[in-house]
> 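Pasting a structure here, questions to come.
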Amino acid sequence: MRQVQHLVGGKAWAGTGTRFGDVFNPNTGEVQARVALATVADMDTAIQAAARAQIGWAATNPQRRARVLFEFKRLVEARMDELADLLSSEHGKVIADSRGDIQRGLEVIEFACGIPHVLKGEYTEGAGPGIDVYSMRQPLGVCAGITPFNFPAMIPMWMFGISTAVGNSFILKPSEKDPSLPVRLAELFMEAGAPAGVLNVMHGDKVAVDAILTHPLIRAVSFVGSSDIASYVYSTGAAHGKRVQAMGGAKNHGIILPDADLDQAVKDLIGAAYGSAGERCMALPVVVPVGAKTADALREKVLAEIEALKVGISSDPAAQYGPVVSAAHREKIESYIQMGVDEGAELVVDGRGFTLQGYENGFFVGPTLFDHVKPTMKTYQEEIFGPVLQIVRAETFEDALRLPSEHPYGNGVAIYTRNGRAAREFASRVNVGMVGINVPIPVPVAYHTFGGWKRSAFGDTNQHGMEGVKFYTKVKTITARWPEGATEDSAFVIPTMG
Ligand code: NAD
């Protein structure tokens with residue numbers, strides 16, 4: 001059976017561990033590979049290799065580092081088809097969606113290609129008599145990224161793209177559920193000219209994560225995954241003196257005001273709720289129509305769209321979404337559907353027990369729709385992360401605004417309306433980190449920053465853009481004086497510029 005290995009110091013490495021994880025083909029349910037799970041000693045080997053490589057890499061001028069990123073982008077683009085196939089085969093998302101996953105990551109690489117400009121620092125001439133002050137951003141050393149299964153290309157690139165551009169070396173600990181694509185990306189990064197050890201991929205589970213969180217040479221940890229683990233990573237990493245950003249789960253709402261273009265809103269909603277089988281942290285699993293008339297019209301249109309939805313294997317170009325990542329995840333989603341029924345929501349379309357001819361053992365879940373979901377229900381408060389759309393009816397704009405604002409998660413939210421003033425007020429007042437106005441999945445472009453609020457993110461810096469640069473660097477400020485003539489007397493009071 002194919003074995004997915006670590007990549008350390010520029011070479012594939014089996015590690016010394018005896019534990020392995022199964023990598024499934026979600027279309028068929030078969031185990032297609034096994035992945036090595038790192039030991040604490042393996043992690044130390046990788047971190048030491050990264051620390052050795054970092055010194056020379058930090059001393060490489062930023063333009064040369066940027067050239068490696070530029071060449072990496074070219075190599076990834078040239079192999080887009082092969083990479084998208086590999087990604088889909090382990091994740092289960094359809095090929096077009098895998099291409100989007102890779103492309104969104106490349107957009108961060110494009111941003112990182114401009115790193116010489118971004119790192120220029122600040123300078124004040126003549127801050128005092130003969131005194132100049134300047135500041136520079138310096139790399140931290142060895143940084144690490146721990147990533148979820150649902151974006152095995154984009155999220156690793158958010159992290160290693162910027163971290164390596166500023167002069168750090170990097171340990172990537174991708175999800176053990178779909179580990180092959182991150183390894184392939186790291187191989188291409190080496191091929192693009194990155195010195196061995198600058199980007200290392202270590203597979204593993206809690207053992208590997210804990211080794212990262214406690215290792216003295218790791219300076220910063222970026223995490224994306226579910227909220228309980230994000231909270232654990234944040235507190236454990238911080239307790240060990242590391243800089244940590246930890247993005248968690250989500251439950252994004254789509255608010256539909258009565259004046260919205262309902263046809264457009266429903267088309268957007270269907271893609272955002274069911275695309276990638278709902279396994280996106282920026283999916284829209286909750287829709288909030290305002291007023292009974294809007295709700296009834298919306299429900300009818302959503303039903304028609306669901307009937308036309310095509311679920312298929314990930315390589316079927318006609319399929320709109322494929323299987324979920326694992327049998328365990330399918331069971332979790334199906335148990336939430338049962339919970340919704342038990343809680344008294346109306347199950348309008350039931351996606352449980354969905355099978356595809358010829359792929360009876362695949363991890364498929366059909367599109368599911370609930371209506372009359374109440375904010376007190378557990379199925380509303382928790383993240384399901386599957387193709388399940390919940391209609392929560394609101395009577396007024398204020399009710400609709402309150403729902404996402406008071407929800408424990410605060411990643412993204414969307415509002416559909418033709419009224420600019422209502423949209424503006426909503427965007428200003430809603431207690432959520434990323435807002436879409438007539439945009440269903442408001443993932444910010446690479447040169448802005450990505451990050452939710454409340455239980456959707458722990459720590460205070462976002463991913464990518466200038467926040468990413470800040471996260472992976474530390475500022476040094478130099479105050480320099482070149483006095484002329486006689487030496488001045490000692491000063492015993494704090495110097496001022498007054
Ligand atoms: P997960 O939390 O199970 O795993 C994320 C990472 O943590 C993986 O690398 C995994 O190996 C590791 N991990 C798992 N259990 C651990 C433990 N007990 N201790 C330490 N590390 C552990 O998440 P997932 O199922 O891979 O991904 C889906 C989740 O990620 C969803 O909740 C989704 O909303 C979230 N997500 C959030 C964002 C965001 O930016 N906010 C983006 C994508 C996904």
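Positions are given from 1 along the sequence. In each ligand, atom 1 is the first atom listed, and ligand 1 is the first ligand listed.
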> Could you identify the single nearest non-hydrogen protein atom to atom 27 (O) of ligand 1 and state the distance to 0.1 Å?
Pro148 CB, 3.2 Å
> For ligand 1, indicate whether the residue Asn411 contacts it via side chain, backbone, both or neither (heavy-atom separation under 4.0 Å).
side chain
> Counting N and O atoms only, with roles assigned by atom type, does the side chain of His215 sit under 3.5 Å from a partner on the main chain of Leu217, one being a donor and the other an acceptor?
yes
> Counting N and O atoms only, with roles assigned by atom type, does the side chain of Lys474 sit under 3.5 Å from a partner on the main chain of Arg137, one being a donor and the other an acceptor?
no
> Between Trp13 and Gln5 (side chain of the first, backbone of the second, donor and acceptor by atom type, cut-off under 3.5 Å), is there such a pair?
no
> Looking at ligand 1, does Asp228 have a heavy atom less than 4.0 Å from it?
no
> Which ligand 1 atoms are under 4.0 Å away from a heavy-atom of Val224?
5 (C), 36 (N), 37 (C), 38 (C), 39 (C), 40 (O), 42 (C), 43 (C), 44 (C)
> At under 4.0 Å between heavy atoms, is it the side chain or the backbone of Glu176 that contacts ligand 1, or both, or neither?
side chain
> For Tyr336, is there any backbone N or O sitting under 3.5 Å from a side-chain donor or acceptor partner on Thr379?
no
> Please report which non-hydrogen protein atom sits nearest to atom 35 (C) of ligand 1, along with the residue it belongs to and the distance in Å to one decimal place.
Gly225 O, 3.1 Å
> Provide, to 0.1 Å, the distance between atom 37 (C) of ligand 1 and the closest protein heavy atom, together with that atom's residue and name.
Gly248 O, 3.0 Å
> Looking at ligand 1, would Phe151 count as a contact under a 4.0 Å heavy-atom criterion?
no
> Check this for me - ligand 1, Ser226, N or O atoms closer than 3.5 angstrom, yes or no?
yes
> Tell me whether ligand 1 is touched by Gly452 - counting only heavy atoms on the residue side and a distance under 4.0 Å.
no
> Is the charged tip of Arg330 near the ring of Phe363: under 6.0 Å from the six-membered ring centre and within 45° of its axis?
no
> Report the part of Glu383 in contact with ligand 1, treating N, CA, C, O as backbone and CB onward as side chain, heavy atoms under 4.0 Å; options are side chain, backbone, both, neither.
side chain
> For atom 30 (O) of ligand 1, is the nearest protein heavy atom closer than 4.0 Å?
yes
> Considering non-hydrogen atoms of the protein only, which is the closest contact for atom 42 (C) of ligand 1, and what is the distance?
Cys281 SG, 2.9 Å
> For Gly249, take its heavy atoms, then give the atoms of ligand 1 lying under 4.0 Å from any of them.
32 (O), 34 (O)
> May I ask you to identify the nearest protein heavy atom to atom 22 (C) of ligand 1, giving residue, atom name and distance to one decimal place in Å?
Ile229 CG2, 3.6 Å
> Is a side-chain donor or acceptor of Ser88 paired with a backbone partner of Lys93 at a separation under 3.5 angstrom?
yes
> For ligand 1, is Lys177 a contact, meaning one of its heavy atoms is under 4.0 Å away?
yes
> Please walk me through it: do Tyr359 and Phe364 pass ring pair (Phe, Tyr, Trp, His ring centres under 6.0 Å)?
CA-CA 9 Å; Tyr359 295 90; Phe364 294 95; 7.1 Å; no
> Spell out, as yes or no, whether a donor-acceptor pair under 3.5 Å connects the side chain of Ser456 to the backbone of Gly249.
yes
> Which heavy atom of the protein is the closest neighbour of atom 43 (C) of ligand 1, given with residue, atom name and distance?
Asn150 OD1, 3.3 Å
> Looking at atom 24 (P) of ligand 1, what's its closest protein heavy atom, distance included?
Phe149 CD2, 3.6 Å
> Show which atoms of ligand 1 fall inside a sub-4.0 Å distance from at least one heavy-atom site of Met247.
39 (C), 40 (O), 41 (N)
> What protein heavy atom sits nearest atom 8 (C) of ligand 1, and how far off is it?
Thr147 O, 3.3 Å
> Examine distances only and state if a side-chain atom of Glu279 and a backbone atom of Asn150 form a donor-acceptor pair shorter than 3.5 Å.
no
> Considering non-hydrogen atoms only, spot the tightest contact between Gly141 and Gln54 and give its length.
O-CG, 3.3 Å
> Heavy-atom distance to atom 12 (C) of ligand 1: which of Asp205, Asn462, Val209 wins?
Val209
> Using a 4.0 Å cut-off to any heavy atom of Ile155, which atoms of ligand 1 qualify?
42 (C), 43 (C)
> So, the side chain of Glu467 versus the backbone of Thr449: is there a donor-acceptor pair under 3.5 Å, distance only?
no
> Judged by atom type as modelled, is there a donor-acceptor pair below 3.5 Å linking the side chain of His240 to the main-chain atoms of Lys242?
no
> Quick check against the 3.5 Å criterion: does Lys173 have a side-chain atom that pairs as donor or acceptor with the backbone of Gly204?
yes
> Checking ring pair (Phe, Tyr, Trp, His ring centres under 6.0 Å) for the pair Tyr447/His464: CA distance, chi angles, key distance, verdict?
CA-CA 7 Å; Tyr447 43 95; His464 64 69; 9.3 Å; no
> Side chain or backbone, does Lys173 bring an N or O within less than 3.5 Å of an N or O on ligand 1?
yes
